[in-house]
Amino acid sequence: MNTQKISGAEAVVKCLLEEGSDLIYGYPGGAIMPVYDELYKYQEKINHVLTRHEQGAIHAAQGFARVSGKVGVVVATSGPGATNLVTGIADAQIDSTPLVCITGQVGSNLLGSDAFQETDIISISTPVTKWNCQITKASEIPKVFAKAFYIAKSGRPGPVLIDVTKDAQFDTFDFKYQKCTEIRSYKPVPDTDEKTLQAAAEIINKAKKPFVIFGQGVTLGKAEDEFKRFVEKADIPSASTLLGLSAFPTKHDLNVGMVGMHGHYAPNKLTNECDVLIAVGMRFDDRVTGNLETYAKQAKIIHFDIDPAEIDKNVKTDVAVLGNVKNTLAKITPLLKVQKHVSWLQEFKDLYAIEYKEVIDEQLNSSHEKITMAEVIEGINKETSGNAIIVSDVGQHQMIASRYANFNHQKSKITSGGLGTMGFALPASIGAKMGAPEREVVAIIGDGGMQMNIQELGTILQTKAAVKIVVLNNEFLGMVRQWQELFFDKRYASTVMTNPDFVKIADGYSIKANRVTKRGELKSAIAEMIGSKESYFLEVCVENEGNVFPMIPTGATVSDVRLK
């Protein structure tokens, strides 16, 4: 490969182009200014989106990565610019989102001197990155960037961080780039032991009440088709984790809903009645399992996962099948017998009927004066035919959107799962729209979360991203208030929200906006929003003290799921 003498800053830009990154998010500052000067020269090849805060930049990069399947890229300066990325990095780490974060740093001669805007971002980010590295010489840039992209996207994806000192950005060197395809001692996809496939198939073939819980690993492994063939052949009722939503169509006969603290009644309840529990690309998070001492003790556990660290971490397995689920599911399916579990599936249907009568019907056909959150989600379902990408923030509206939204297509549910980051949805929806510009993107946000990154309306103003924003305003920090009602005798400590006029704020950013206060206005307002070719802001004033049920109280078993 031919070499050319260029600056470290230009090398950073060329590395991005070599990796196919033509859309990045960021916020400039002194320590990263040489890179931004080169981005200016390359603006016809790389679209840099200027967000209004570094946290907005990294959440936008997450939304882009989750929808596009590509590595998200974010750029920030040193000191506060770098530390403002940390929440998003931690979010990406726990939710397995591939990111490359590039931060500027003071000159290498100033490291450790408490120079202006110097922060040891390497030490700070070490616990929440898949890998990180500080570059102090320009010649290190190509090799480090190639390694960073490979690590971020291979195996179980995650965020990496590259910290580049200012002198490394100015220095020149002979540039050449070679993509990284392997790293000694790093094995992103473990070998699959064929004996585990045989053992798992034998257990599944003998099962009378098999049950599948699938997570985001199905989506990350691009294994949606393989998963569908797997569960259809063995006729296994299948429930999603929060991040697994949209990996399997909502309306499929074998999709029995979502597990977890606010998941559906049947899959939670019957977890402790199945005889075989098959976990596919999920990690047995505490919000899924409840009390581990009583979780699925009657069942044999089969766990399909790409990450050996997840095996036996929370739940002891009988058979662990390592590898990318796209490959392992394809290999095990021919070993399965064609099954029909009619009576077992009927148990799920019977419990769903109870949940519908006790919870869902009341939410969708409310006689209360104020609109319910579920009515809004159902209205969006009807207007979009379940084809939209739903990006939700964190709180009651997140759980309602997850429970009631229909997902007909892959990569249609984007939310902050493991970290539970309020303020995620608005910037993430911008990234999602840029990752899939042909699709409708609807952000579902609470009045609390909306105000955590409300400044990113400015990014929509500048980029013209046609995101549809729905704020479900109950004038509370709703999820915390629900807990205060149920477990703290209605002591609403610091959860009442005095909110601004959201419509006026949206108008200030030249975003068409509307407010709905009456049920009769809702249908036409949603239709107008979805029909808009541009961004649109819809505030819906919903019931103030509505609760999300079913619910598994903290520390309780999944069998103790409450309907009210």
Original post:
Counting distance only, does the side-chain N/O of N84 pair as donor-acceptor with the main-chain N or O of P80 below 3.5 Å?
Top reply: yes
Original post:
Does T421 offer a backbone N or O that forms a donor-acceptor pair with the side chain of S416 under 3.5 Å?
Top reply: yes
Original post:
So, the side chain of Q43 versus the backbone of Y40: is there a donor-acceptor pair under 3.5 Å, distance only?
Top reply: yes
Just distance, no hydrogens or angles: give the donor-acceptor pairs under 3.5 Å from side chains in residues 30-37, sequence neighbours left out.
| residue | atom | partner | partner atom | Å |
| --- | --- | --- | --- | --- |
| Y36 | OH | Y27 | N | 3.0 |
| Y36 | OH | H48 | NE2 | 2.7 |

Original post:
Backbone N or O of I121 within a donor-acceptor pair of the T119 side chain at under 3.5 Å?
Top reply: no
Original post:
Is there a donor-acceptor contact under 3.5 Å from the side chain of T241 to the main chain of G244?
Top reply: yes
Subject >> Side chain to side chain, I530 and E440, heavy atoms closer than 4.5 Å >> reply: yes
**OP:** Give a yes-or-no answer on whether the side chains of D167 and T165 include a donor-acceptor pair shorter than 3.5 Å.
**Re:** yes
Original post:
Does K147 come within less than 4.0 Å of E182, counting only side-chain N to carboxylate O?
Top reply: no
Original post:
Can K512 and E534 be said to form a salt bridge (Lys or Arg N to Asp or Glu O under 4.0 Å), step by step?
Top reply: CA-CA 8 Å; K512 188 171 183 179; E534 301 175 344; over 6 Å; no
Original post:
Should R283 and D285 count as an ion pair when the cut-off is N to O under 4.0 Å?
Top reply: yes
**OP:** Find out whether N387 and R439 are in side-chain contact, i.e. whether some heavy atom of one side chain is under 4.5 Å from a heavy atom of the other.
**Re:** no
Original post:
Has K5 got more than 12 heavy atoms of other residues, nucleotides or ligands less than 6.0 Å from its NZ?
Top reply: yes
Original post:
Taking S123 for the side chain and D120 for the main chain, is one N or O donor matched with an acceptor at less than 3.5 Å?
Top reply: no
Subject >> Side-chain donor or acceptor of E18 paired with backbone N/O of K14 under 3.5 Å >> reply: no
Subject >> Salt bridge K313-E310, side-chain N to carboxylate O under 4.0 Å >> reply: yes
**OP:** Would you please classify the geometry between the F175 ring and the F173 ring as parallel, tilted or perpendicular, with 30° and 60° separating the classes?
**Re:** perpendicular
Subject >> Donor-acceptor pair, side chain of R66 and main chain of P98, under 3.5 angstrom >> reply: no
Original post:
Is there a donor-acceptor contact under 3.5 Å from the side chain of E140 to the main chain of T136?
Top reply: yes
Original post:
Is any side-chain heavy atom of N327 less than 4.5 Å from a side-chain heavy atom of V189?
Top reply: no
Original post:
What class does the angle between the rings of F214 and F248 fall in, given that below 30° is parallel, 30 to 60° is tilted and above 60° is perpendicular?
Top reply: perpendicular
**OP:** Take R52 and E456, measure what salt bridge (Lys or Arg N to Asp or Glu O under 4.0 Å) needs, and give me the verdict at the end.
**Re:** CA-CA 6 Å; R52 297 306 184 259; E456 298 310 323; 6.0 Å; no
Original post:
Can you tell me if S429 uses its side chain to pair, donor with acceptor, with the backbone of L426 under 3.5 Å?
Top reply: yes
Original post:
Mind checking whether L472 and M450 have side chains closer than 4.5 Å, heavy atoms only?
Top reply: no
Original post:
If you draw a 6.0 Å radius around CZ in F116, do more than 12 non-hydrogen atoms from other residues or ligands fall strictly inside?
Top reply: no
